Amino acid sequence: PTQYVCDGVPDCPDGEDELECNSSKILTCPGLLKCTTENLCVNHFQVCDGVIHCLDSKDDEKSCGKFTCPEMCSCLAYGVDCSSQILIKFPSLSVQTRSFVLINSSLTKFQGQENIKDLSVLMSLVIVGCGITEIPSYLFQYNKLLLLLDLSINKIQHISETTFYNLSNVITLNLDTNCIETIPDKTFRYLTSLKYLYLSHLALKLIDENGFSSLNSLIYLTVSDNELRKINSNHFQDLKSLETLNLQGNKLYSVHGAA
């Protein structure tokens, strides 16, 4: 993605993304599109909007084809809703797609997931009640503009730090009603902007000590109606902004320290 070019950090193995970059060109654009040859950041709302904002490189428009609505789905503006459809693989979506909703569908795994990496301006992804069992590692690594990720009411069994890699702009993550029993260390380490985290009804039995590390922006956390037996204040030591913590519906017999 062009936002990594001339940002002062070599991302390519040979450092090609930083060649021919002088100090005046180095610019970082967190959560925005960086124009390759201009010292300019473009808001994601302005990408693929039919107006060229990167006047020289045209980065914000050159990869935009015609927006098409997938068969059997409904579309409004750049939003796509394929709810209640019989799907065997993830639908092919236009690169301009900002929002995708899939509720109560037959999709049980991310087959055809290669399409997801092309959705660089996707801001909202809702896949609910579909029986998804697994999230492939690094699945969302190219969806850096994602703000909302709702994967509730599925059958997801495992998550780890590679699950949410590169999702530094996500504000809300909903994993309610899945089959996750453990939150491993550093699972959410890349979710540095996360404010709302929903982890209820998961059959959750264990949270590793650093399971919530790096969530400095989190203000709301619910871990209610799980199978937690003990909790330690160290679990929440990185949650400097936390305002609401819901642990109701667990069978806690041991609480160490003041959470």
Side-chain angles (χ1 to χ4, degrees), residues 31 44 70 73-85 87 89-91 93 97-113 115-181 183 187-204 211-212 215 217-226 244-246:
H44 48 266
C73 302
S74 60
C75 299
L76 178 64
Y78 292 113
V80 179
D81 189 336
C82 299
S83 297
S84 303
Q85 298 300 324
L87 300 175
K89 66 179 183 178
F90 197 84
L93 301 174
T97 303
R98 298 321 202 260
S99 171
F100 178 67
V101 177
L102 186 65
I103 300 175
N104 296 331
S105 172
S106 58
L107 186 71
T108 58
K109 59 182 179 180
F110 284 101
Q111 184 175 348
Q113 65 195 49
N115 180 241
I116 296 179
K117 68 181 178 61
D118 296 324
L119 304 179
S120 60
V121 295
L122 188 69
M123 294 184 291
S124 176
L125 179 60
V126 177
I127 301 179
V128 173
C130 297
I132 294 289
T133 59
E134 180 184 4
I135 306 174
S137 295
Y138 304 105
L139 176 64
F140 307 117
Q141 64 176 315
Y142 298 111
N143 310 123
K144 286 199 66 176
L145 298 184
L146 203 61
L147 301 175
L148 167 66
L149 179 57
D150 188 346
L151 299 172
S152 59
I153 320 179
N154 282 290
K155 298 179 181 179
I156 299 167
Q157 298 178 16
H158 304 287
I159 55 175
S160 69
E161 63 180 298
T162 61
T163 305
F164 308 110
Y165 177 75
N166 240 9
L167 295 182
S168 59
N169 289 296
V170 167
I171 294 175
T172 302
L173 173 62
N174 190 346
L175 294 171
D176 280 355
T177 317
N178 275 285
C179 305
I180 301 167
E181 295 187 359
I183 303 294
T187 293
F188 307 110
R189 63 176 297 189
Y190 297 106
L191 297 168
T192 52
S193 298
L194 193 67
K195 294 183 181 295
Y196 306 95
L197 179 56
Y198 299 85
L199 299 172
S200 297
H201 300 280
L202 297 180
L204 190 61
F212 295 130
L215 293 178
S217 300
L218 196 70
I219 62 175
Y220 180 90
L221 171 62
T222 177
V223 199
S224 64
D225 298 293
N226 282 293
T244 302
L245 172 61
N246 185 357

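All values below were derived from every heavy atom in this structure, side-chain atoms included, with hydrogens, water molecules and symmetry-related copies excluded. The structure presented is a predicted model; accordingly, all values stated were derived computationally and were not measured.
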Tell me, with the steps shown, if Leu148 and Met123 meet side-chain contact (heavy atoms from CB on, under 4.5 Å).
-> CA-CA 7 Å; Leu148 167 66; Met123 294 184 291; over 6 Å; no
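- Relative ring orientation between Tyr198 and Tyr220 is described as tilted, the plane-to-plane angle lying within the 30° to 60° band.
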Residue pair Val223, Leu204: steps toward the side-chain contact (heavy atoms from CB on, under 4.5 Å) verdict = CA-CA 8 Å; Val223 199; Leu204 190 61; 3.5 Å; yes
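- For the pair Ile159 and Phe188, the tightest heavy-atom approach, listed with the atom from each and the gap, is CD1-CZ, 4.2 Å.
- Nearest heavy atoms, Cys130 versus Asn104: SG-N, 4.1 Å.
- Residues passing the side chain to side chain donor-acceptor pair (under 3.5 Å) test with Asp81 are Ser83, sequence neighbours excluded.
- Of all non-hydrogen atoms in Ile132 and Leu107, the two that sit nearest each other are CD1-O, 3.5 Å.
- Interatomic distance, CG of Asp176 versus CG of Leu202, reported as 6.5 Å (0.5 Å rounding).
- Atom-to-atom distance recorded for Leu147:CG and Leu167:CG is 10.5 Å, nearest 0.5 angstrom.
- Side chains of Asp118 and Tyr142 form no contact here, defined as non-hydrogen atoms less than 4.5 Å apart.
- Among Thr192, Leu194, Leu125, the one residue that satisfies the side chain to side chain contact (heavy atoms under 4.5 Å, CB included) test with Val170 is Leu194.
- Between Ile156 and Thr133, the closest side-chain pair of non-hydrogen atoms is not below 4.5 Å.
- Note that CD of Glu161 is 7.5 Å distant from OG1 of Thr187, once rounded to the nearest 0.5 Å.
- For the residue pair Gln141 and Asn166, the shortest heavy atom distance occurs at O-ND2, 2.9 Å.
- Side-chain rings of Phe164 and Tyr138 stay apart, their centers remaining 6.0 Å or farther from each other.
- In this structure, Asn169 and Leu146 have side chains that are not in contact, with every pair of non-hydrogen atoms separated by 4.5 Å or more.
- At least one side-chain heavy atom of Ser168 sits under 4.5 Å from a side-chain heavy atom of Lys144.
- Atoms CG and OH, from Leu191 and Tyr165 in turn, are 13.0 Å apart once rounded to the nearest 0.5 Å.
- Heavy atoms only, all atoms of each residue included: Cys75 and Val80 are closest at SG-CG2, 3.8 Å.
- Contact of the Ile135 side chain with the Leu151 side chain is registered, since non-hydrogen atoms from C-beta on lie closer than 4.5 Å.
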Candidate pair Leu149 and Thr172, rule side-chain contact (heavy atoms from CB on, under 4.5 Å), full reasoning = CA-CA 6 Å; Leu149 179 57; Thr172 302; over 6 Å; no
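- Taking 4.5 Å as the limit, some side-chain heavy atom of Pro136 sits within range of a side-chain heavy atom of Phe110.
- Contact annotation: the side chain of Leu93 approaches that of Pro70 to within less than 4.5 Å [non-hydrogen atoms, C-beta and beyond].
- Distance check: Leu173 CG to Ser152 OG gives 10.0 Å after rounding to the nearest 0.5 Å.
- Note that OH of Tyr196 is 9.5 Å distant from CG of Leu218, once rounded to the nearest 0.5 Å.
- For the pair Phe90 and Phe100, the minimum side-chain heavy-atom distance is below 4.5 Å.
- Under the side-chain hydrogen bond (donor to acceptor under 3.5 Å, both in side chains) rule, Ser200 has a single partner from Thr177, Asn174, Thr222, Asn178, which is Thr222.
- Side-chain atoms of Thr163 come within 3.5 Å of backbone N or O of Ser160 as a donor-acceptor pair.
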